[in-house]
Colleague: 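Can you keep this structure in mind? I'll have questions shortly.
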Amino acid sequence: MTKVLTDARSIRIKGRSFLAVVLSPDLPLDQWLERLDDLAARSAGFFLDRPVVLDVSELSIKKAELKQLIDDLAARKVRIMGIEGARPSQLTPEMPPAMKGGKPASDVEVTAQEPETEAEAEVAAVVSPAPQRQEAPQVRAIPQSLTIDEPVRSGQSIIFPEGDITIVGSVASGAEVIAGGSIHIYGTLRGRAMAGSIGNSNARIFCRRLEAELIAIDGIYKMAEDMDSSLRGHAVQLSLEGETIMADILF
Amino acid sequence: MGKVIVVTSGKGGVGKTTSTAALGAALAQRNEKVAVVDFDVGLRNLDLVMGAERRVVYDLVNVINGDAKLPQALIRDKRLDTLFLLPASQTRDKDALTEEGVERVIGELKRYFDWVICDSPAGIEKGATLAMRHADVAVVVTNPEVSSVRDSDRIIGMLDSKTLKAENGERMEKHLLLTRYDSLRAERGDMLKVDDVLEILSIPLLGIIPESTDVLKASNLGAPVTLSDARSAPAQAYFEAARRLAGEIVPVTVPGEKRGIFGKLFGRKAA
């Protein structure tokens with residue numbers, strides 16, 4: 001049995017992850033800025049086309065000093081898209097927004113260049129990072145999965161944009177599970193489950209018992225109130241057909 | 001070395017302090033040395049329930065700050081020689097607790113006592129996280145209603161991530177103490193049933209304490225219910241829970257299942 005759950009014109013809210021360059025200044029700031037100038041001199045325009053996040057978690061400075069730092073960076077043409085690890089008291093509404101939940105990635109190499117003229121340096125900056133790396137044959141990423149052997153408790157969130165999540169246990173009310181791929185729950189789903197979070201409309205959600213607060217696939221979501229009450233308490237499979245979430249009772 | 005128990009719940013008013021006092025007194029009656037520690041700095045209550053409010057000289061914050069030695073702050077119970085109280089400060093707030101200070105005090109208590117029972121404040125902030133930080137065993141106090149169950153679930157998640165045991169990769173031993181359980185209301189569906197709570201929280205059951213006026217009466221008298229009225233139903237349930245904590249295997253009594261034939265007939269009719 002298949003039920004139509006969504007009206008065809010819902011709004012899509014998608015998640016997407018980007019790789020940003022993270023700058024972690026250390027004290028004293030003027031010396032750190034000097035080292036940054038050194039690096040900029042070696043590789044002109046390195047920051048020009050890159051999203052830059054400022055990590056201040058190791059830095060104990062006041063609001064005014066942080067503002068000064070952002071201005072100093074702006075004077076060097078480094079635009080900050082977000083600030084990581086700042087206390088709310090350090091931030092003002094004019095500053096870039098606070099960011100959290102970043103995942104570590106490999107270090108970004110700064111390719112040293114000897115610019116002959118200013119103009120050439122600008123061009124080089126647009127072409128970087130090292131184009132020869134893109135031409136190298138790419139190994140197809142292996143689909144990944146994450147298995148969790150215990151219940152997901154209220155207030156916890158399991159986020160795995162790389163692939164599927166399998167939970168051997170229940171997902172409590174007030175907990176959330178966000179997967180880039182499908183979500184399998186061998187227990188009761190009482191919280192939120194969001195599958196295909198990075199734009200995968202083939203993702204599905206399976207649970208042994210549906211009591212969910214919210215479900216979403218590829219940005220199309222459905223609140224508990226909008227779900228057919230006959231689905232509650234059943235083993236259910238949810239999938240996306242066009243712009244509609246379809247629900248099948250499994251057994 | 002003694003065992004450190006944290007009595008916690010997330011939600012306020014579910015019976016943490018009452019349970020701390022009752023379990024402490026029940027364990028002390030087995031001739032084991034027990035210290036009950038009030039972590040609710042600024043809103044202390046354990047001293048009242050233990051009937052020791054007029055005997056508080058030094059408190060936990062004094063010991064942490066080094067203003068007093070631990071033996072000076074410990075209050076011996078007048079009825080039980082093996083039961084001691086370490087009160088909280090009423091004039092300070094939770095920021096007066098430091099991680100190193102709490103670690104030192106708990107470490108010292110563990111050397112002298114068989115059981116160190118920490119009465120956690122409500123909430124998930126500093127006071128609650130410090131109370132659970134050094135625990136070996138957690139008693140999660142829950143009422144059979146949805147908001148309490150959800151808060152307990154949140155606390156169990158924190159017990160599995162924010163405690164020293166969890167950070168060392170060990171598993172924290174957790175037990176569910178279901179308090180204020182009213183079998184008639186559960187049967188009518190006004191309250192969650194035992195099985196529902198167990199299914200949601202999925203941790204082992206330590207005991208079910210029936211809703212009873214004996215508990216309130218005992219609190220007002222300033223005596224743990226296991227001391228003031230040892231034969232009452234809640235006291236019996238706490239004794240059972242204490243035996244289970246001590247490692248005995250005792251079947252759980254579900255309140256309302258012991259009724260005789262008449263009770264059963266009337267119970268059915270009422271339902």
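Letters go in sequence order (proteins before strands), and every chain restarts at 1.
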Colleague: Could you list which of residues 117-134 of chain B have a heavy atom closer than 4.5 Å to any heavy atom of chain A, in residue-number order?
Modeller: none
Colleague: Find out whether B:Tyr238 and B:Thr179 are in side-chain contact, i.e. whether some heavy atom of one side chain is under 4.5 Å from a heavy atom of the other.
Modeller: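 Heavy-atom side-chain distance check passes, below 4.5 Å.
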Colleague: Only heavy atoms, only distances under 4.5 angstrom. Which residues in residues 143-156 of chain B are near chain A?
Modeller: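 The stretch touches chain A at B:Arg150, B:Asp153, B:Arg154, B:Ile156.
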Colleague: Please report the shortest heavy-atom distance between B:Tyr181 and B:Ala186, naming the atom on each side.
Modeller: OH-CB, 3.4 Å
Colleague: How close do A:Leu238 and A:Ala247 get, heavy atom to heavy atom, and via which atoms?
Modeller: CD2-CB, 3.6 Å
Colleague: Answer whether the closest heavy-atom distance between the side chains of A:Arg192 and A:Ile215 falls below 4.5 Å.
Modeller: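 The answer is no, as the side chains (C-beta and beyond) never meet within the 4.5 Å cut-off.
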Colleague: Looking at side-chain heavy atoms only, is the closest gap between A:Arg153 and B:Ser202 below 4.5 Å?
Modeller: yes
Colleague: Examine whether an atom of B:Ile203 lies under 4.5 Å from a heavy atom of chain A, and if so say whether it belongs to the side chain, the backbone or both; otherwise answer neither.
Modeller: side chain
Colleague: Quick check: closest heavy atoms across A:Ser201 and A:Asp218, and the distance to 0.1 Å?
Modeller: CB-OD2, 3.4 Å
Colleague: Would you mind checking which part of A:Ser170 comes under 4.5 Å of any heavy atom in chain B, side chain (CB onward), backbone (N, CA, C, O), both or neither?
Modeller: side chain
Colleague: Would you say that more than 12 heavy atoms from the other residues, nucleotides or ligands in this model lie under 6.0 Å from the CD of A:Glu225, or not?
Modeller: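 Check fails, neighbour count at 12 or below.
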Colleague: Minimum heavy-atom separation for A:Ser182 to A:Asp164, with atom names?
Modeller: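 Nearest pair, atom of A:Ser182 first, then A:Asp164: N-OD1, 2.9 Å.
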Colleague: Please find the pair of heavy atoms, one from B:Ile208 and one from B:Pro255, that lie closest to each other, and give the distance.
Modeller: CG2-CD, 3.5 Å
Colleague: Residues of residues 205-214 of chain A under 4.5 Å from chain B (heavy atom pairs)?
Modeller: A:Arg209, A:Glu213
Colleague: Does any non-hydrogen side-chain atom of A:Arg190 lie less than 4.5 Å from one of B:Ile200?
Modeller: yes
Colleague: Report, by ascending residue number, the residues of residues 88-105 of chain B in heavy-atom contact with chain A at a distance under 4.5 Å; give 'none' if the set is empty.
Modeller: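 Within residues 88-105 of chain B, no residue comes under 4.5 Å from chain A.
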Colleague: Is the closest basic N to carboxylate O distance between B:Arg244 and B:Glu240 below 4.0 Å?
Modeller: yes
Colleague: Under a 4.5 Å cut-off applied to non-hydrogen side-chain atoms, are A:Leu73 and A:Ile80 in contact?
Modeller: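 When only atoms from C-beta onward are counted, A:Ile80 and A:Leu73 do touch, with a gap below 4.5 Å.
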Colleague: Are the side chains of A:Glu176 and A:Ile178 in contact, using a 4.5 Å heavy-atom criterion?
Modeller: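 A:Ile178 reaches A:Glu176 side chain to side chain.
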Colleague: Between B:Ala241 and B:Leu23, what is the shortest heavy-atom contact and its length?
Modeller: CB-CD2, 3.9 Å
Colleague: Is it the case that the side chains of A:Thr166 and A:Tyr186 hold a donor-acceptor pair, with the cut-off being a distance below 3.5 Å and no angle test?
Modeller: no
